[in-house]
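Report on the structure given below.
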2 protein chains.
Amino acid sequence: MPAPAPTLRSLAKLLGLSRTTVSDALRGSPRVDPRTAQRVQQAAREAGYRRNPLAGALMSELRRSRGSAFHGVLAAIDFNEPDRPQDSATYHRELVAGLDARATDLGFKIERFSVGHAGVSVQRLDSILQSRGINGIVLLPAWDEPDLSNLDWARFAGVYTDYIIERPRLHTVCPDHYRSLLSALQLLATRGWTRPGLYLQKHQDERLQYRWSAAFRAFQDSHPQIRALPPLITDHFDRAEFQAWFRRHKPDVVLGHHVEAVDWMQACGARVPATHGFVSINLHMKTRPCAGLDLQPRALGARSAELLIAQLQRNETGIPEWPTTTTLPGRWVEGPTLRS
Amino acid sequence: MPAPAPTLRSLAKLLGLSRTTVSDALRGSPRVDPRTAQRVQQAAREAGYRRNPLAGALMSELRRSRGSAFHGVLAAIDFNEPDRPQDSATYHRELVAGLDARATDLGFKIERFSVGHAGVSVQRLDSILQSRGINGIVLLPAWDEPDLSNLDWARFAGVYTDYIIERPRLHTVCPDHYRSLLSALQLLATRGWTRPGLYLQKHQDERLQYRWSAAFRAFQDSHPQIRALPPLITDHFDRAEFQAWFRRHKPDVVLGHHVEAVDWMQACGARVPATHGFVSINLHMKTRPCAGLDLQPRALGARSAELLIAQLQRNETGIPEWPTTTTLPGRWVEGPTLRS
DNA sequence: GCAAATCTTCCGGACAGTCCGAATCATGCC
DNA sequence: GGCATGATTCGGACTGTCCGGAAGATTTGC
């Protein structure tokens with residue numbers, strides 16, 4: 001018969017102290033006599049006491065927010081960037097939808113906030129969140145490098161829903177671009193395509209640390225039967241540049257973000273999907289029906305909610321010691337720009 | 001002045017019922033009169049009641065486990081592979097150490113099991129785990145593709161601590177090889193190294209879907225001032241092959257797993273660290289002091305424990321609908337094989 | 001027809017750890 | 001001696017859940 005697990009109260013009784021003194025002592029509060037604190041800590045070690053992190057999280061929240069009880073509200077922060085491309089709106093929306101759905105399942109609620117330019121300042125955000133008793137934050141993808149280092153992170157737990165954030169270094173959740181592109185290329189190879197071409201905007205590749213082009217090159221290197229066409233990586237989408245590249249290297253299937261490339265290919269005499277193919281590497285940016293990769297923003301949003309809520313349940317706030325990246329491979333979707 | 005948020009107790013008082021009846025009613029317990037339940041639910045909606053998810057999780061766990069000493073036991077499964085290289089033993093040990101430490105923090109305990117060859121069969125494992133009431137499983141890295149699809153996954157939550165597992169498709173936790181190598185190369189570039197060379201065993205690159213070589217190529221592509229030497233990727237570590245490659249391409253710094261390459265370089269006339277450098281891309285495989293990347297198995301183990309325990313606390317078992325990969329960048333470590 | 005058994009519905013106790021105001025006691029100063 | 005100050009400890013209140021049992025209604029058995 002195993003002995004029941006020691007609790008604050010049983011430990012207190014053992015020591016002839018009150019549960020509060022024991023609690024304060026274990027957390028190193030200056031309100032207790034150092035000698036008492038030491039005695040308590042030793043007794044805790046010997047009794048094998050382990051504090052229940054869930055209870056800790058609950059009580060800390062409950063006591064701190066005095067009255068306006070913890071209601072599990074999470075903030076979704078949108079960076080109001082004027083130069084962000086419009087075509088990422090669908091992706092954003094789906095991300096928030098997944099976030100919302102999963103958070104609701106787990107008993108939390110999402111509220112959206114806008115920061116920068118048309119939105120509030122970071123300092124204002126800090127006081128808004130603190131007065132509302134919100135301490136879980138999801139940062140929606142930003143086009144440029146976001147900076148929220150001015151927030152008082154000791155009070156918050158946060159997740160960024162894109163590859164890299166340095167200010168501060170938080171856990172991130174994002175698509176597995178590398179693996180997604182690799183499996184798309186593998187699928188195309190089994191269907192007989194031998195001259196895949198990649199068309200990217202430079203900024204899109206750089207912000208992912210070249211993961212798109214790296215996967216493309218790695219696939220070429222490991223598949224000798226595939227023609228190693230050089231990818232076209234340009235500063236801006238440009239018809240003339242694309243067509244020069246297309247005519248010169250003659251890809252049979254083009255992979256890229258910009259669906260309008262289909263028109264440009266057809267203007268060069270290619271027939272899509274009869275003779276040539278086009279594959280979108282982010283279907284949420286498409287402006288017309290298309291085959292390609294669904295990067296699954298909805299599932300990413302759900303996963304972000306889980307990650308954040310797990311932190312809150314462990315009562316973990318602040319910048320993580322070892323920030324991690326959680327990735328999800330894309331899902332292949334058939335479409336009219338590729339013959340089956 | 002905002003009204004205080006409604007709680008179970010305030011709602012119960014309003015309705016003239018006890019807090020337990022209200023709680024049961026809101027969770028659809030068959031113990032309450034359906035008419036009462038409906039009345040409660042309507043009142044809750046009108047009052048805008050939202051249950052505190054933290055308190056819910058805590059109490060649910062508390063009541064269910066009825067004062068047992070620990071909240072649960074997790075299984076760490078080791079695949080007993082005869083052909084696994086010996087040099088991964090340190091990495092394994094550190095991984096388990098991190099797992100154990102974090103699990104203990106969170107009120108869980110780790111027990112190790114061995115499967116295959118010298119260990120038990122998968123079917124035997126299934127019955128052992130079920131009879132012991134264990135339902136959280138961490139799979140330690142396997143050299144070949146592990147197969148645990150025969151386990152009755154409806155009862156288990158699992159995490160694999162390496163890149164890819166297909167049988168079944170679980171969440172995984174592993175180093176971010178791509179990002180680690182990229183930042184190591186960037187660091188070397190800022191220190192003036194211009195001819196980095198990569199030396200890999202083929203199997204090591206393939207099981208990571210070419211992430212090592214892809215990062216190496218991506219770095220070369222994006223840094224024109226760096227000489228793009230071809231990586232040496234061989235079936236086995238081979239001195240003659242290495243030296244031929246070294247003499248021909250003259251790398252000034254070599255990155256790889258196999259520290260013995262330092263001897264081979266020196267036999268070719270290179271002086272390490274005076275004129276040339278060597279960087280290990282997995283310091284836990286080193287057989288002598290060395291500069292390089294610590295892939296942080298301890299932190300990975302800790303993260304695996306968190307991921308698994310979060311699933312258990314949400315009461316989620318079975319194969320996840322969308323398996324994700326959680327990665328952690330390596331940490332740069334100085335050493336005697338590289339001048340500062 | 002009435003006691004006993006069964007079922008329905010609701011209630012109360014116990015539980016976790018935290019925070020802050022209040023209580024208690026010792027010490028210093030005039 | 002009286003009062004202010006400081007050091008230390010304590011108690012109350014807080015969240016939602018589970019289960020044993022109370023109270024009352026209904027059915028069963030003879």
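First the proteins, then the strands, lettered A, B, ... as listed; each starts at 1. Computed from a predicted structure; not experimentally measured.
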message: Distance check needed: dT15(D) C1' versus Leu54(A) CG, whole Å only.
response: 12 Å
message: Please pick, from dT9(C), dC11(C), dT8(D), the nucleotide with the shortest atom-to-atom distance to any side-chain atom of Asp33(B).
response: dT9(C)
query: Counting only N and O atoms by type, is there a donor-acceptor contact under 3.5 Å from the side chain of Thr172(A) to the main-chain atoms of Tyr163(A)?
result: yes
field: Distance in angstrom units between Leu8(B) CG and dG12(C) P, rounded
entry: 14 Å
task: State whether a side-chain donor-acceptor pair under 3.5 Å links Thr161(B) with Ser304(B).
output: no
- prompt: Are the side chain of Ser29(A) and the backbone of Ala25(A) linked by a donor-acceptor contact shorter than 3.5 Å?
  reply: no
Integer-rounded Å distance: dG16(D) P and Leu58(A) CG: 9 Å
query: Can you check whether Arg31(A) has a side-chain N or O nearer than 4.0 Å to OP1 or OP2 of dC20(C)?
result: no
query: How far apart are the C-alpha atoms of Arg155(A) and Thr317(A), what are their side-chain angles, what is the distance that settles it, and do they pass the side chain to side chain contact (heavy atoms under 4.5 Å, CB included) test?
result: CA-CA 6 Å; Arg155(A) 290 185 158 276; Thr317(A) 54; 5.9 Å; no
Under 3.5 Å, which N/O atoms of the protein pair with N/O atoms of nucleotides 13-15 of chain C?
unit_1, atom_1, unit_2, atom_2, d
dG13(C), N7, Arg19(B), NH2, 2.7
dG13(C), O6, Arg19(B), NH2, 2.7
dA14(C), N6, Arg19(B), NH2, 2.8
dA14(C), N3, Arg63(B), NH2, 3.2
dC15(C), O4', Arg63(B), NH2, 2.9
dC15(C), O2, Arg63(B), NH2, 2.9

- request: Quickly work out the Arg39(A) CZ to dT8(D) P distance and round it to whole Å.
  value: 14 Å
Euclidean distance, atom CG of residue Leu15(A) to atom P of dC10(D) [Å, nearest integer]: 10 Å
message: Looking at Arg167(A) and Glu145(A), is any side-chain nitrogen of the basic one under 4.0 Å from a carboxylate oxygen of the acidic one?
response: no
message: Counting only side-chain heavy atoms from C-beta out, which of dG21(D), dG11(D), dG16(D) sits nearest to Ser18(A)?
response: dG11(D)
- request: Classify the side-chain pair Thr21(A)/Ser18(A) by whether it contains a donor and acceptor separated by less than 3.5 Å.
  value: yes
- request: Between dT17(D), dC10(C), dT18(C), spot the one nearest the side chain of Ser60(A), thanks.
  value: dT18(C)
- line: When rounded to whole Å, the CG to C1' distance for the pair Asn52(A) and dA16(C) reads 6 Å
message: Taking Arg331(B) first and then Glu321(A), would you say they form a salt bridge - that is, a charged N and a carboxylate O separated by under 4.0 Å?
response: no
query: With distance as the sole criterion, do the side chain of Arg27(B) and the base of dT17(D) form a donor-acceptor contact below 3.5 Å?
result: no
- request: In whole angstrom, give the distance that lies between atom CG of Asn315(A) and atom C1' of dT15(D).
  value: 14 Å
message: So, OP1 or OP2 of dG16(D): does either fall under 4.0 Å of a side-chain N or O from Tyr49(B)?
response: yes
Atom-pair distance (CD on Gln313(A); C1' on dT15(D)), nearest Å: 14 Å
